[in-house]
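Everything on this sheet refers to the single structure shown next.
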Amino acid sequence: MGRQRSNAQLDDLVAQATVDAYGDEEQLAGLFTMMAEHLAVPFNTVVLGVEVTVRKVDLVPGSQIVAVCARGGHRQAIGILDLPLPTPAPEGAEWIEAYRHWGP
């Protein structure tokens with residue numbers, strides 16, 4: 001994922017995303033908002049040996065953030081934490097790291 005960030009840097013990102021959030025669901029929404037705003041999409045990556053294009057991120061209410069991947073006419077949502085990122089990682093990938101660090 002490129003440069004590894006320290007726990008303090010990740011704590012700062014989480015704090016930015018969750019500053020006015022109460023409870024896990026609002027914190028998740030805050031992290032999703034930052035990821036949706038800052039993660040540069042579309043980008044290509046490889047999932048199970050197949051190249052896919054990540055078109056956007058989405059929030060499954062009360063659950064998780066997913067990457068909406070496409071190949072040809074097919075689309076599949078994959079949990080963003082399960083998504084292998086390309087090298088170099090896309091701009092804004094630090095928000096995926098922050099989400100992993102936050103972990104509900």
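Worth knowing before you read on, the calculation uses all heavy atoms, side chains too, and leaves out hydrogens, waters and symmetry mates.
One N or O on the side chain of R100 and one on the backbone of L81 form a donor-acceptor pair closer than 3.5 Å. Listed for the R71 side chain is a donor-acceptor partner under 3.5 Å among the backbone atoms of E51. One N or O on the side chain of S6 and one on the backbone of Q9 form a donor-acceptor pair closer than 3.5 Å. In terms of modelled atom types and a separation under 3.5 Å, the side chain of T45 and the main chain of P84 share a donor-acceptor contact.
Using a 4.5 Å heavy-atom cutoff, the side chains of P86 and V46 are not in contact. Between V57 and V68, every side-chain heavy-atom pair lies at or beyond the 4.5 Å cut-off. Between W95 and Q16 the shortest side-chain heavy-atom distance falls below 4.5 Å. In this structure, D11 and W102 have side chains that are not in contact, with every pair of non-hydrogen atoms separated by 4.5 Å or more. Residues I80 and Y99 are in side-chain contact: their nearest non-hydrogen atoms beyond the backbone lie under 4.5 Å apart. Using a 4.5 Å heavy-atom threshold, the side chains of N44 and V52 count as separate.
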Stepwise, does the side-chain contact (heavy atoms from CB on, under 4.5 Å) test hold for I65 with M35?
CA-CA 9 Å; I65 299 171; M35 196 181 302; 3.8 Å; yes

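In plain terms, the two heavy atoms of R75 and A70 that are nearest each other are NH1-CB, 4.0 Å. The nearest pair of heavy atoms linking A77 to V66 is CB-CG2, 4.0 Å. Between P90 and A40, the closest heavy-atom pair is CB-O, 3.8 Å. Residues R5 and L13 approach most closely at CD-CD1, 4.5 Å, considering heavy atoms.
More than 12 heavy atoms of other residues, nucleotides or ligands sit less than 6.0 Å from atom CD of E26.
Follow the hydrophobic side-chain contacts under 4.5 Å out from L48 and you reach F43 in the same cluster.
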